[in-house]
Number of protein chains: 2
Amino acid sequence: MTDVYRALGDQTRREILQLLKEGNKTQKEIVESFAISQPAIKKHLTVLLEEKMITSYVHGRFRVYSLNTELLHEAYQEMLQYIGDLLDDQLVSLKKYVEEGDIRDD
Amino acid sequence: MTDVYRALGDQTRREILQLLKEGNKTQKEIVESFAISQPAIKKHLTVLLEEKMITSYVHGRFRVYSLNTELLHEAYQEMLQYIGDLLDDQLVSLKKYVEEGDIRDD
DNA sequence: CCTATATATAACCAAATGGTTATATAATTG
DNA sequence: CAATTATATAACCATTTGGTTATATATAGG
C-alpha cells in the first residue's frame, strides 16, 4: 500500500509535485528549482517514486519525472475520505461528557 | 500555521482521531485503547493539540480530549485544494517531453 | 575517444521522531 | 488525611529523516 501521508509529509516533496504539475521535468531541472543538493532531491524523488506519486523514465543521460495522476486521484480520495469520515456524525457525539456524571472513574 | 501533514503523518495519531470521532475521551480512555505507554500517547496528544486538530479541558483529575471539528474542516479544505490543484490542467502539460528535442541540454 | 555532464550512490551527520521506564504532581475518595 | 489514581514530565534510547560532501557511473557530443 502506498503511504500518502509519508509522501506528502514533507514540504519539499509537496513543492516537487507542484513543480511537476507544470509539466514533466528532468532531475537536473528539479534540482535547479531548489536550494538543496542533488542527492537530497534524489532522495525525495525516491520517496515519491516508492509511494508511486510520480513515475520516471530514462532518456539518454537524463531521467524524466512525471506526476502519477492516477495515483494522485486515489490519494486524494483516501485523504478526503479519512477526514470526511472524521467530520460527519459529530453532532451525535457532542453530547458526551457535558455533565460530570458522564465520567466513570473505575 | 497548523501543519495538517505533520498531524496526520502518524498512524497512531490518525487512530486517536478516529477514536475521538466516537465522542470525547479522557486520556486514560485513549491510553487503554492502544498498546503503547501513557507518555507515548501523551506525546501524540501534544502534537495533535499543537496542530490544533483536537482541543482539551481539565475535569477534576481527568483531561478530556475532543476533535476540533472546525479545524478539521479547514484541513479538509486545504488538502482538497492542494491535491485538487495538482490534478487539474494535467492534459495541458502532457505534451511536454514527448519528443527528444524537448530536452534542452545546456 | 576523451571530456563534460546528468545521475547514482556511499558515507557521514545532526536533529526529529516515537518509543521506553521512572517519578513527580494533583485531585478524588474511603 | 492517607491512599489511590490520572496526568505530567524527565531522562533516556534506537531509528528515521533530511541534509551534507565526495565520488562513481553512464551517456552525449566536440
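Since this is a predicted model, take the numbers as computed values, not measurements. Protein chains get the first letters and strands the later ones, always in sequence-line order, with residue 1 at the start of each. Only this structure's heavy atoms are used, side chains among them; waters, hydrogens and symmetry mates stay out.
- In the set dT20(D), dA8(D), dT7(C), the nucleotide with an atom closest to the side chain of Ser37(A) is dT20(D).
- Look at OH on Tyr5(A): it is 19 Å from P on dT17(C), rounded to the nearest Å.
- Computed from coordinates, the Arg14(B) CZ to dG18(C) P distance equals 11 Å when rounded to whole Å.
- One atom, CD1 of Ile36(B), and another, P of dT21(C), lie 12 Å apart when rounded to the nearest Å.
- Here the closest heavy-atom approach between residue Leu67(B) and residue Leu86(A) is recorded as CD1-O, 3.8 Å.
- The CD1 atom of Ile83(A) sits 5.0 Å away from the CG atom of Leu8(B) when rounded to the nearest 0.5 Å.
- Of all non-hydrogen atoms in Gly9(A) and Tyr5(B), the two that sit nearest each other are CA-CB, 4.0 Å.
- Residue whose closest nucleotide on DNA chain D sits further toward the 5' end, between Ala40(A) and Arg6(A): Arg6(A).
- Residues of residues 41-56 of chain A that place a heavy atom closer than 4.0 Å to DNA chain D, in numerical order, are Lys43(A), His44(A).
- Contact detail for Thr12(A) and His44(A): the closest heavy-atom pair is CG2-CD2, 3.7 Å.
- Residue Gln27(A) places its side chain closer to dT7(C) than to any other of dA10(D), dA6(D), dT7(C).
- For residues 7-17 of chain B, no residue pair satisfies the salt bridge (charged side-chain N to carboxylate O under 4.0 Å, His left out) rule, not counting sequence neighbours.
- Atom-to-atom, NZ of Lys25(A) to P of dA6(C) comes out at 16 Å; the value is rounded to the nearest Å.
- Between Arg63(B) and the phosphate of dA8(D), there is a side-chain N or O to OP1/OP2 separation shorter than 4.0 Å.
- The interatomic distance linking Arg61(A) (CZ) with dT3(C) (P) rounds to 16 Å, in whole Å.
- Asn24(A) and Ser66(A) get closest at one heavy-atom pair: OD1-CB, 3.2 Å.
- Regarding Tyr65(A), its OH atom lies at a distance of 14 Å from the P atom of dA6(C), rounded to whole Å.
- Across the protein-nucleic acid pair, Phe62(B) atom CZ and dT5(D) atom C1' stand 8 Å apart, rounded to whole Å.
- Distance Gln38(B) CD to dT21(C) C1': 12 Å, rounded to the nearest Å.
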Report, one line per pair, each donor and acceptor closer than 3.5 Å where one atom sits in a side chain of residues 45-54 of chain B; sequence neighbours left out.
| unit_1 | atom_1 | unit_2 | atom_2 | d |
| --- | --- | --- | --- | --- |
| Thr46(B) | OG1 | Lys42(B) | O | 2.9 |
| Glu50(B) | OE1 | Arg6(B) | NH1 | 2.9 |
| Glu50(B) | OE1 | Arg6(B) | NH2 | 3.1 |
| Glu51(B) | OE1 | Asp3(B) | N | 2.6 |
| Glu51(B) | OE2 | Arg6(B) | NH1 | 2.7 |

